There are 2 protein chains.
Amino acid sequence: MPELTLTGRVILGMLALGRNTGYDIKQFVDKTTRHFWAASYGQIYPELRRLEEQGLVRGRSEPIGSRARTVYELTDEGLAALRAWLASDVEPLYELRDEGMLKLFFSDALPERRVENIRAMRERDERTLAGLRALESHAQGGRPGPYSTLQLGIGMTQWFVDWCKEAEQRLSEPEGSN
Amino acid sequence: MPELTLTGRVILGMLALGRNTGYDIKQFVDKTTRHFWAASYGQIYPELRRLEEQGLVRGRSEPIGSRARTVYELTDEGLAALRAWLASDVEPLYELRDEGMLKLFFSDALPERRVENIRAMRERDERTLAGLRALESHAQGGRPGPYSTLQLGIGMTQWFVDWCKEAEQRLSEPEGSN
DNA sequence: AGGTGCATGTAACAGGTTACATGATTAA
DNA sequence: TTAATCATGTAACCTGTTACATGCACCT
(Lines give C-alpha, C1' and ligand atoms only; values in the text may rest on other atoms or scores of the structure.)
Protein backbone atom coordinates (compact mmCIF):
# COMPACT_ATOMS: atom_id res chain seq x y z
CA MET A 1 0.00 0.00 0.00
CA PRO A 2 1.37 3.44 -0.93
CA GLU A 3 1.39 6.44 1.41
CA LEU A 4 -1.92 8.04 2.23
CA THR A 5 -1.91 11.61 3.52
CA LEU A 6 -4.30 12.90 6.11
CA THR A 7 -5.89 15.17 3.56
CA GLY A 8 -6.34 12.07 1.42
CA ARG A 9 -8.17 10.33 4.26
CA VAL A 10 -10.42 13.33 4.74
CA ILE A 11 -11.37 13.13 1.08
CA LEU A 12 -12.10 9.42 1.35
CA GLY A 13 -14.29 10.15 4.37
CA MET A 14 -16.12 12.89 2.56
CA LEU A 15 -16.83 10.62 -0.39
CA ALA A 16 -18.14 8.03 2.09
CA LEU A 17 -20.48 10.71 3.42
CA GLY A 18 -21.90 11.22 -0.07
CA ARG A 19 -19.94 14.24 -1.29
CA ASN A 20 -18.88 13.79 -4.88
CA THR A 21 -17.03 16.72 -6.52
CA GLY A 22 -13.97 18.64 -5.40
CA TYR A 23 -16.10 21.74 -5.07
CA ASP A 24 -18.71 19.89 -3.04
CA ILE A 25 -16.08 18.52 -0.68
CA LYS A 26 -14.64 21.97 -0.14
CA GLN A 27 -18.07 23.49 0.63
CA PHE A 28 -18.84 20.73 3.11
CA VAL A 29 -15.45 20.98 4.80
CA ASP A 30 -15.99 24.72 5.21
CA LYS A 31 -19.33 24.08 6.89
CA THR A 32 -18.28 21.21 9.14
CA THR A 33 -14.76 19.94 9.77
CA ARG A 34 -13.25 23.39 9.23
CA HIS A 35 -13.26 23.85 13.00
CA PHE A 36 -10.80 21.01 13.52
CA TRP A 37 -9.62 20.26 9.99
CA ALA A 38 -9.53 22.79 7.13
CA ALA A 39 -8.70 22.17 3.48
CA SER A 40 -8.18 24.36 0.42
CA TYR A 41 -8.75 23.76 -3.29
CA GLY A 42 -4.99 23.74 -3.65
CA GLN A 43 -4.96 20.53 -1.63
CA ILE A 44 -8.22 18.91 -2.68
CA TYR A 45 -7.91 18.84 -6.47
CA PRO A 46 -4.33 17.53 -6.67
CA GLU A 47 -5.11 15.01 -3.92
CA LEU A 48 -8.14 13.67 -5.80
CA ARG A 49 -5.80 13.00 -8.73
CA ARG A 50 -3.29 11.19 -6.53
CA LEU A 51 -6.03 9.09 -4.94
CA GLU A 52 -7.25 8.08 -8.39
CA GLU A 53 -3.71 7.09 -9.40
CA GLN A 54 -3.60 4.93 -6.28
CA GLY A 55 -6.91 3.35 -7.21
CA LEU A 56 -8.68 4.53 -4.07
CA VAL A 57 -11.25 6.69 -5.88
CA ARG A 58 -12.79 6.66 -9.32
CA GLY A 59 -13.69 9.84 -11.21
CA ARG A 60 -16.25 10.16 -14.00
CA SER A 61 -16.83 13.24 -16.11
CA GLU A 62 -20.45 14.31 -15.61
CA PRO A 63 -20.81 17.81 -17.03
CA ILE A 64 -23.91 19.88 -16.33
CA GLY A 65 -24.77 21.45 -19.65
CA SER A 66 -21.36 22.48 -20.89
CA ARG A 67 -19.96 23.13 -17.43
CA ALA A 68 -17.15 20.68 -16.67
CA ARG A 69 -17.72 18.50 -13.64
CA THR A 70 -16.00 15.39 -12.33
CA VAL A 71 -17.91 13.14 -9.97
CA TYR A 72 -15.86 10.89 -7.72
CA GLU A 73 -16.74 7.76 -5.80
CA LEU A 74 -14.87 5.42 -3.47
CA THR A 75 -13.51 2.19 -4.89
CA ASP A 76 -13.50 -0.95 -2.74
CA GLU A 77 -9.83 -0.33 -2.02
CA GLY A 78 -10.70 3.25 -1.04
CA LEU A 79 -13.31 2.14 1.46
CA ALA A 80 -10.87 -0.43 2.82
CA ALA A 81 -8.21 2.28 3.21
CA LEU A 82 -10.68 4.53 5.04
CA ARG A 83 -11.63 1.69 7.39
CA ALA A 84 -8.00 0.76 7.95
CA TRP A 85 -7.31 4.32 9.02
CA LEU A 86 -10.30 4.37 11.40
CA ALA A 87 -9.13 1.08 12.89
CA SER A 88 -5.45 2.02 13.22
CA ASP A 89 -3.84 2.62 16.59
CA VAL A 90 -1.19 5.16 15.60
CA GLU A 91 -1.15 8.24 17.82
CA PRO A 92 -3.57 10.67 16.15
CA LEU A 93 -2.13 14.01 15.11
CA TYR A 94 -3.05 17.06 17.20
CA GLU A 95 -1.92 20.58 16.37
CA LEU A 96 -3.22 23.83 17.79
CA ARG A 97 -2.13 27.43 17.21
CA ASP A 98 -4.13 29.86 19.28
CA GLU A 99 -3.02 33.48 19.36
CA GLY A 100 -5.65 34.37 21.96
CA MET A 101 -4.14 31.93 24.46
CA LEU A 102 -0.73 33.32 23.65
CA LYS A 103 -1.89 36.83 24.44
CA LEU A 104 -3.33 35.65 27.74
CA PHE A 105 -0.07 33.83 28.51
CA PHE A 106 1.97 36.98 27.95
CA SER A 107 -0.58 39.38 29.39
CA ASP A 108 1.61 40.32 32.36
CA ALA A 109 3.47 42.60 29.97
CA LEU A 110 0.29 44.68 29.65
CA PRO A 111 -2.10 43.70 32.47
CA GLU A 112 -4.58 46.47 31.72
CA ARG A 113 -5.47 44.72 28.46
CA ARG A 114 -5.97 41.29 30.00
CA VAL A 115 -9.75 41.53 30.27
CA GLU A 116 -9.98 42.88 26.72
CA ASN A 117 -8.03 39.94 25.36
CA ILE A 118 -10.21 37.45 27.19
CA ARG A 119 -13.27 39.22 25.86
CA ALA A 120 -11.91 38.99 22.32
CA MET A 121 -11.44 35.22 22.77
CA ARG A 122 -14.95 34.88 24.14
CA GLU A 123 -16.44 36.81 21.24
CA ARG A 124 -14.61 34.64 18.74
CA ASP A 125 -15.95 31.53 20.46
CA GLU A 126 -19.46 32.96 20.67
CA ARG A 127 -19.40 33.39 16.91
CA THR A 128 -18.19 29.81 16.53
CA LEU A 129 -20.90 28.64 18.88
CA ALA A 130 -23.61 30.44 16.94
CA GLY A 131 -22.38 28.76 13.75
CA LEU A 132 -22.36 25.34 15.38
CA ARG A 133 -25.85 25.77 16.80
CA ALA A 134 -27.12 26.82 13.38
CA LEU A 135 -25.59 23.65 11.95
CA GLU A 136 -27.20 21.62 14.71
CA SER A 137 -30.68 22.82 13.85
CA HIS A 138 -30.13 21.79 10.22
CA ALA A 139 -28.69 18.42 11.17
CA GLN A 140 -31.95 16.68 12.10
CA GLY A 141 -31.62 12.98 11.36
CA GLY A 142 -27.94 13.31 10.52
CA ARG A 143 -25.50 10.46 10.98
CA PRO A 144 -24.21 9.69 14.49
CA GLY A 145 -20.54 10.35 13.68
CA PRO A 146 -20.84 13.94 12.45
CA TYR A 147 -23.59 14.61 14.95
CA SER A 148 -21.64 13.56 18.04
CA THR A 149 -18.65 15.58 16.78
CA LEU A 150 -20.99 18.57 16.59
CA GLN A 151 -22.28 17.97 20.11
CA LEU A 152 -18.73 17.73 21.41
CA GLY A 153 -17.79 20.96 19.65
CA ILE A 154 -20.79 22.81 21.05
CA GLY A 155 -20.18 21.58 24.59
CA MET A 156 -16.49 22.46 24.57
CA THR A 157 -17.02 25.88 23.09
CA GLN A 158 -19.78 26.63 25.59
CA TRP A 159 -17.47 25.63 28.43
CA PHE A 160 -14.79 27.93 27.08
CA VAL A 161 -17.20 30.85 26.75
CA ASP A 162 -18.39 30.33 30.33
CA TRP A 163 -14.83 30.28 31.62
CA CYS A 164 -14.12 33.57 29.86
CA LYS A 165 -17.25 35.21 31.29
CA GLU A 166 -16.26 34.18 34.78
CA ALA A 167 -12.70 35.40 34.31
CA GLU A 168 -13.88 38.71 32.90
CA GLN A 169 -16.11 39.27 35.91
CA ARG A 170 -13.40 38.24 38.36
CA LEU A 171 -10.88 40.61 36.75
CA SER A 172 -13.34 43.49 36.60
CA GLU A 173 -13.74 43.56 40.38
CA PRO A 174 -11.36 46.22 41.70
CA GLU A 175 -10.27 44.17 44.76
CA GLY A 176 -7.71 41.35 44.69
CA SER A 177 -5.00 40.67 42.10
CA ASN A 178 -5.46 41.66 38.46
CA MET B 1 7.61 49.55 11.72
CA PRO B 2 8.64 46.41 9.79
CA GLU B 3 6.63 43.18 9.79
CA LEU B 4 6.62 41.14 12.97
CA THR B 5 5.74 37.46 12.75
CA LEU B 6 3.78 35.62 15.39
CA THR B 7 6.81 33.51 16.22
CA GLY B 8 8.65 36.79 16.68
CA ARG B 9 6.03 37.98 19.16
CA VAL B 10 6.31 34.73 21.07
CA ILE B 11 10.03 35.28 21.39
CA LEU B 12 9.52 38.83 22.61
CA GLY B 13 7.04 37.51 25.16
CA MET B 14 9.46 34.84 26.31
CA LEU B 15 12.22 37.40 26.78
CA ALA B 16 9.76 39.51 28.80
CA LEU B 17 9.19 36.45 30.99
CA GLY B 18 12.91 36.25 31.70
CA ARG B 19 14.05 33.61 29.21
CA ASN B 20 17.33 34.62 27.63
CA THR B 21 18.91 32.15 25.18
CA GLY B 22 17.43 30.41 22.15
CA TYR B 23 17.85 27.10 23.90
CA ASP B 24 16.17 28.40 27.04
CA ILE B 25 13.20 29.72 25.04
CA LYS B 26 12.78 26.38 23.29
CA GLN B 27 12.83 24.44 26.58
CA PHE B 28 10.26 26.76 28.10
CA VAL B 29 8.00 26.66 25.05
CA ASP B 30 8.11 22.85 25.18
CA LYS B 31 7.02 22.92 28.81
CA THR B 32 4.32 25.57 28.53
CA THR B 33 2.91 27.10 25.35
CA ARG B 34 3.56 23.93 23.35
CA HIS B 35 -0.09 22.97 23.93
CA PHE B 36 -1.37 25.97 21.97
CA TRP B 37 1.78 27.27 20.32
CA ALA B 38 4.81 25.18 19.42
CA ALA B 39 8.17 26.34 18.08
CA SER B 40 11.30 24.62 16.79
CA TYR B 41 14.96 25.63 16.79
CA GLY B 42 14.62 26.07 13.05
CA GLN B 43 12.30 28.98 13.76
CA ILE B 44 13.74 30.38 16.97
CA TYR B 45 17.38 30.96 16.02
CA PRO B 46 16.77 32.63 12.64
CA GLU B 47 13.95 34.68 14.18
CA LEU B 48 16.22 35.96 16.98
CA ARG B 49 18.56 37.22 14.27
CA ARG B 50 15.76 38.97 12.43
CA LEU B 51 14.50 40.56 15.62
CA GLU B 52 17.98 41.86 16.33
CA GLU B 53 18.19 43.32 12.82
CA GLN B 54 14.90 45.08 13.51
CA GLY B 55 16.27 46.42 16.78
CA LEU B 56 13.67 44.68 18.93
CA VAL B 57 16.13 42.53 20.85
CA ARG B 58 19.78 42.84 21.77
CA GLY B 59 22.13 39.86 21.94
CA ARG B 60 25.35 39.64 23.92
CA SER B 61 27.85 36.81 23.76
CA GLU B 62 28.13 35.35 27.25
CA PRO B 63 29.99 32.06 26.95
CA ILE B 64 30.11 29.62 29.87
CA GLY B 65 33.70 28.50 29.93
CA SER B 66 34.39 27.93 26.26
CA ARG B 67 30.83 26.95 25.39
CA ALA B 68 29.30 29.53 23.08
CA ARG B 69 26.19 31.24 24.40
CA THR B 70 24.24 34.30 23.32
CA VAL B 71 22.06 36.02 25.87
CA TYR B 72 19.22 38.15 24.52
CA GLU B 73 17.17 40.90 26.09
CA LEU B 74 14.32 43.12 24.95
CA THR B 75 15.11 46.61 23.77
CA ASP B 76 12.70 49.44 24.52
CA GLU B 77 11.36 49.09 20.99
CA GLY B 78 10.94 45.36 21.55
CA LEU B 79 8.88 45.88 24.68
CA ALA B 80 6.81 48.48 22.85
CA ALA B 81 6.22 46.02 19.98
CA LEU B 82 5.14 43.33 22.45
CA ARG B 83 2.73 45.73 24.13
CA ALA B 84 1.40 46.96 20.79
CA TRP B 85 0.59 43.37 19.87
CA LEU B 86 -1.16 42.72 23.19
CA ALA B 87 -3.19 45.89 22.71
CA SER B 88 -4.09 45.32 19.05
CA ASP B 89 -7.63 44.45 18.00
CA VAL B 90 -6.87 42.34 14.92
CA GLU B 91 -8.72 39.03 14.91
CA PRO B 92 -6.39 36.60 16.66
CA LEU B 93 -5.27 33.58 14.65
CA TYR B 94 -6.80 30.22 15.51
CA GLU B 95 -5.83 26.97 13.81
CA LEU B 96 -6.61 23.45 14.89
CA ARG B 97 -5.88 20.10 13.27
CA ASP B 98 -7.26 17.21 15.26
CA GLU B 99 -7.14 13.76 13.72
CA GLY B 100 -9.13 12.27 16.61
CA MET B 101 -12.10 14.55 15.88
CA LEU B 102 -11.79 13.63 12.24
CA LYS B 103 -11.99 9.93 13.07
CA LEU B 104 -15.06 10.55 15.19
CA PHE B 105 -16.59 12.59 12.37
CA PHE B 106 -16.11 9.77 9.87
CA SER B 107 -16.81 6.94 12.32
CA ASP B 108 -20.02 5.87 10.56
CA ALA B 109 -17.80 4.12 8.03
CA LEU B 110 -16.68 1.78 10.83
CA PRO B 111 -19.09 2.13 13.78
CA GLU B 112 -17.61 -0.75 15.74
CA ARG B 113 -14.42 1.28 16.25
CA ARG B 114 -16.20 4.41 17.46
CA VAL B 115 -15.73 3.74 21.17
CA GLU B 116 -12.09 2.83 20.61
CA ASN B 117 -11.43 6.11 18.84
CA ILE B 118 -13.07 8.11 21.60
CA ARG B 119 -11.02 6.20 24.16
CA ALA B 120 -7.84 7.03 22.24
CA MET B 121 -8.75 10.74 22.33
CA ARG B 122 -9.47 10.53 26.04
CA GLU B 123 -6.17 8.84 26.75
CA ARG B 124 -4.31 11.47 24.81
CA ASP B 125 -6.05 14.19 26.82
CA GLU B 126 -5.47 12.39 30.10
CA ARG B 127 -1.76 12.43 29.36
CA THR B 128 -1.99 16.14 28.56
CA LEU B 129 -3.91 16.72 31.77
CA ALA B 130 -1.31 14.90 33.84
CA GLY B 131 1.39 17.10 32.31
CA LEU B 132 -0.58 20.27 33.01
CA ARG B 133 -1.28 19.30 36.61
CA ALA B 134 2.40 18.55 37.13
CA LEU B 135 3.19 22.04 35.80
CA GLU B 136 0.56 23.51 38.11
CA SER B 137 2.16 22.05 41.21
CA HIS B 138 5.50 23.59 40.22
CA ALA B 139 3.94 26.94 39.38
CA GLN B 140 3.45 28.21 42.93
CA GLY B 141 3.71 31.97 42.95
CA GLY B 142 3.91 32.18 39.17
CA ARG B 143 2.69 35.19 37.23
CA PRO B 144 -1.04 35.66 36.65
CA GLY B 145 -0.87 35.46 32.83
CA PRO B 146 0.78 32.07 32.48
CA TYR B 147 -1.09 30.79 35.52
CA SER B 148 -4.57 31.62 34.25
CA THR B 149 -3.69 30.12 30.87
CA LEU B 150 -2.73 26.95 32.72
CA GLN B 151 -6.00 26.96 34.66
CA LEU B 152 -7.95 27.40 31.44
CA GLY B 153 -6.07 24.54 29.82
CA ILE B 154 -6.67 22.22 32.75
CA GLY B 155 -10.37 23.04 32.91
CA MET B 156 -10.93 22.57 29.20
CA THR B 157 -9.03 19.33 29.03
CA GLN B 158 -10.89 17.98 32.05
CA TRP B 159 -14.18 18.86 30.40
CA PHE B 160 -13.11 17.03 27.26
CA VAL B 161 -12.04 13.93 29.20
CA ASP B 162 -15.37 13.88 31.02
CA TRP B 163 -17.30 14.14 27.77
CA CYS B 164 -15.36 11.19 26.37
CA LYS B 165 -16.01 9.07 29.46
CA GLU B 166 -19.71 9.75 29.23
CA ALA B 167 -19.78 8.98 25.51
CA GLU B 168 -17.83 5.77 26.01
CA GLN B 169 -20.31 4.60 28.63
CA ARG B 170 -23.31 5.57 26.53
CA LEU B 171 -21.96 3.72 23.49
CA SER B 172 -21.04 0.65 25.49
CA GLU B 173 -24.63 0.04 26.56
CA PRO B 174 -26.09 -2.50 24.10
CA GLU B 175 -29.49 -0.76 23.78
CA GLY B 176 -30.16 2.31 21.62
CA SER B 177 -28.19 3.59 18.60
CA ASN B 178 -24.45 3.00 18.33
C1' DA C 1 34.70 6.96 30.27
C1' DG C 2 30.23 7.82 29.09
C1' DG C 3 25.66 9.72 29.29
C1' DT C 4 22.87 13.68 29.83
C1' DG C 5 22.09 18.42 29.40
C1' DC C 6 23.41 22.99 27.47
C1' DA C 7 23.95 25.46 23.32
C1' DT C 8 23.88 26.82 18.33
C1' DG C 9 22.81 26.29 13.79
C1' DT C 10 21.17 24.88 8.84
C1' DA C 11 19.54 22.39 4.60
C1' DA C 12 16.15 19.71 2.72
C1' DC C 13 11.70 18.75 2.81
C1' DA C 14 6.65 18.73 3.54
C1' DG C 15 2.47 20.87 3.91
C1' DG C 16 -0.64 24.34 3.21
C1' DT C 17 -2.47 29.16 1.72
C1' DT C 18 -3.22 32.93 -1.47
C1' DA C 19 -3.91 34.78 -5.52
C1' DC C 20 -4.91 34.26 -9.86
C1' DA C 21 -7.17 32.46 -14.15
C1' DT C 22 -11.25 30.70 -16.47
C1' DG C 23 -15.90 30.01 -17.62
C1' DA C 24 -20.87 28.13 -17.34
C1' DT C 25 -25.41 28.27 -14.90
C1' DT C 26 -29.02 30.18 -12.22
C1' DA C 27 -31.69 33.36 -9.51
C1' DA C 28 -32.93 38.24 -8.76
C1' DT D 1 -28.10 42.23 -16.93
C1' DT D 2 -25.77 41.29 -13.19
C1' DA D 3 -24.51 39.04 -9.09
C1' DA D 4 -24.05 34.75 -6.87
C1' DT D 5 -23.05 30.07 -7.22
C1' DC D 6 -21.07 26.01 -9.39
C1' DA D 7 -16.80 24.19 -10.93
C1' DT D 8 -11.82 23.35 -11.92
C1' DG D 9 -7.17 24.21 -11.59
C1' DT D 10 -2.18 25.96 -10.72
C1' DA D 11 2.06 28.67 -9.48
C1' DA D 12 4.24 31.27 -6.20
C1' DC D 13 4.80 31.78 -1.73
C1' DC D 14 5.18 31.10 3.17
C1' DT D 15 5.76 28.59 7.32
C1' DG D 16 7.22 25.08 9.86
C1' DT D 17 9.35 20.36 10.83
C1' DT D 18 12.98 16.84 10.58
C1' DA D 19 17.26 15.45 10.43
C1' DC D 20 21.66 16.35 10.75
C1' DA D 21 26.13 18.46 12.46
C1' DT D 22 28.98 20.19 16.19
C1' DG D 23 31.02 20.54 20.66
C1' DC D 24 31.53 21.85 25.73
C1' DA D 25 30.19 21.05 30.67
C1' DC D 26 28.76 18.38 34.37
C1' DC D 27 27.69 14.38 36.97
C1' DT D 28 28.44 9.51 38.12
Side-chain angles (χ1 to χ4, degrees), chain A residues 2-11 14-15 19-31 33-53 57 59-72 91 93-99 102, chain B residues 2-11 14-15 19-31 33-53 57 59-72 91 93-99 102:
Chain A
E3 313 295 318
L4 181 52
T5 64
L6 275 166
T7 304
R9 299 183 224 252
V10 172
I11 292 180
M14 288 299 173
L15 294 177
R19 305 292 125 186
N20 51 17
T21 69
Y23 183 83
D24 188 23
I25 290 172
K26 166 70 168 153
Q27 300 310 304
F28 197 64
V29 163
D30 283 350
K31 240 195 350 186
T33 68
R34 156 184 59 115
H35 301 290
F36 51 89
W37 202 279
S40 64
Y41 289 125
Q43 287 171 272
I44 293 171
Y45 284 115
E47 189 64 39
L48 278 167
R49 294 277 174 86
R50 274 191 291 270
L51 292 172
E52 188 160 34
E53 277 166 32
V57 307
R60 264 200 315 275
S61 177
E62 284 188 19
I64 292 189
S66 69
R67 183 165 66 198
R69 182 160 166 272
T70 308
V71 169
Y72 288 92
E91 176 78 0
L93 184 147
Y94 180 87
E95 275 173 22
L96 173 61
R97 315 196 105 225
D98 188 338
E99 190 182 351
L102 218 42
Chain B
E3 312 295 318
L4 180 52
T5 64
L6 275 166
T7 304
R9 299 182 224 253
V10 172
I11 291 179
M14 287 300 173
L15 293 177
R19 304 293 126 186
N20 52 17
T21 68
Y23 183 84
D24 188 23
I25 290 172
K26 167 69 169 152
Q27 301 308 304
F28 196 65
V29 163
D30 283 350
K31 240 195 347 184
T33 68
R34 154 182 63 115
H35 301 290
F36 51 89
W37 202 279
S40 64
Y41 290 125
Q43 288 171 271
I44 292 171
Y45 285 115
E47 189 63 40
L48 278 167
R49 294 276 175 86
R50 275 190 291 270
L51 292 172
E52 187 159 36
E53 278 165 33
V57 307
R60 264 200 314 276
S61 178
E62 284 189 18
I64 292 190
S66 69
R67 183 168 66 198
R69 181 160 166 272
T70 308
V71 168
Y72 288 90
E91 175 78 0
L93 183 147
Y94 180 85
E95 276 174 21
L96 173 62
R97 309 188 67 98
D98 187 339
E99 190 182 352
L102 218 43

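So you know, we letter chains A, B, ... as the sequences are listed, proteins then strands, and number each from 1. Predicted, not measured: the structure shown is a model, and the values here were computed from it.
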query: Base, sugar-phosphate, or nothing for Thr5(B), non-hydrogen atoms under 4.0 angstrom?
result: nothing
query: What integer distance in Å separates Tyr45(B):OH from dA21(D):P?
result: 18 Å
task: Keeping the roles fixed (side chain from Arg34(A), backbone from Val29(A)), state whether a donor-acceptor pair exists under 3.5 Å.
output: no
Reported OG1-to-CG distance for the pair Thr33(A) and Asp98(B), which is rounded to 0.5 angstrom: 11.5 Å
field: Rounded interatomic separation in angstrom, taking CG from Leu93(B) and P from dC14(D)
entry: 17 Å
- prompt: How long is the line joining CD1 of Ile11(B) and P of dT8(C), in whole Å?
  reply: 12 Å
message: Side chains of Gln43(B) and Thr7(B): any donor to acceptor distance under 3.5 Å?
response: yes
query: What's the closest nucleotide to the Ile64(B) side chain, out of dG16(D), dA7(D), dA7(C)?
result: dA7(C)
query: Is any side-chain N or O of Arg49(B) closer than 4.0 Å to OP1 or OP2 of dT8(C)?
result: no
field: Minimum-distance nucleotide to Ser66(A) side chain [options: dG16(D), dT25(C), dG16(C)]
entry: dT25(C)
- prompt: What is the distance, rounded to the nearest whole Å, between atom OH of Tyr41(B) and atom P of dA12(C)?
  reply: 22 Å
message: So does Ala39(A) get a backbone contact from the side chain of Lys26(A), meaning a donor-acceptor N/O pair under 3.5 Å?
response: yes
- line: Rounded to the nearest 0.5 angstrom, the CG-CD1 distance for Leu48(B) and Ile25(B) is 5.0 Å
query: Phosphate oxygens OP1/OP2 of dT17(D): is one of them under 4.0 Å from a side-chain N or O of Ser40(B)?
result: yes
Using the 3.5 Å cut-off, write out each protein N or O paired with an N or O of nucleotides 11-13 of chain D and the distance between them.
none

task: Nearest whole angstrom, please: distance from the C1' of dT17(D) to the CG of Asp30(B).
output: 13 Å
query: Given Ile11(A) and Tyr72(A), is the side chain to side chain contact (heavy atoms under 4.5 Å, CB included) satisfied, shown in steps?
result: CA-CA 10 Å; Ile11(A) 292 180; Tyr72(A) 288 92; over 6 Å; no
query: Thinking salt bridges, do Arg50(A) and Glu47(A) make one under a 4.0 Å N-O criterion?
result: yes
- prompt: What distance do Leu96(A) atom CG and His35(B) atom NE2 have between them, rounded to the nearest 0.5 Å?
  reply: 10.5 Å
field: Sugar-phosphate, base or nothing in reach of Thr70(A), heavy atoms under 4.0 Å
entry: sugar-phosphate
task: Find the distance Leu48(B):CG to dT8(C):C1' and express it as a whole number of Å.
output: 11 Å
message: In whole Å, I'd like the distance from the CZ atom of Arg67(B) to the P atom of dG9(C).
response: 14 Å
- request: Could you tell me whether Thr21(B) contacts a base, only the sugar-phosphate backbone, or nothing, with contacts defined as non-hydrogen atoms closer than 4.0 Å?
  value: sugar-phosphate
query: Whole Å only: how far is the CZ atom of Arg69(A) from the P atom of dG9(D)?
result: 13 Å
message: Less than 4.0 angstrom between a side-chain N/O of Thr7(B) and OP1 or OP2 of dG16(D), yes or no?
response: yes
- prompt: Below 4.0 angstrom from OP1 or OP2 of dT17(D), is there any side-chain N or O of Gln43(B)?
  reply: yes
Along DNA chain C (nearest heavy atom to each residue), the more 5'-positioned of Asp24(B) and Ala68(A): Asp24(B)
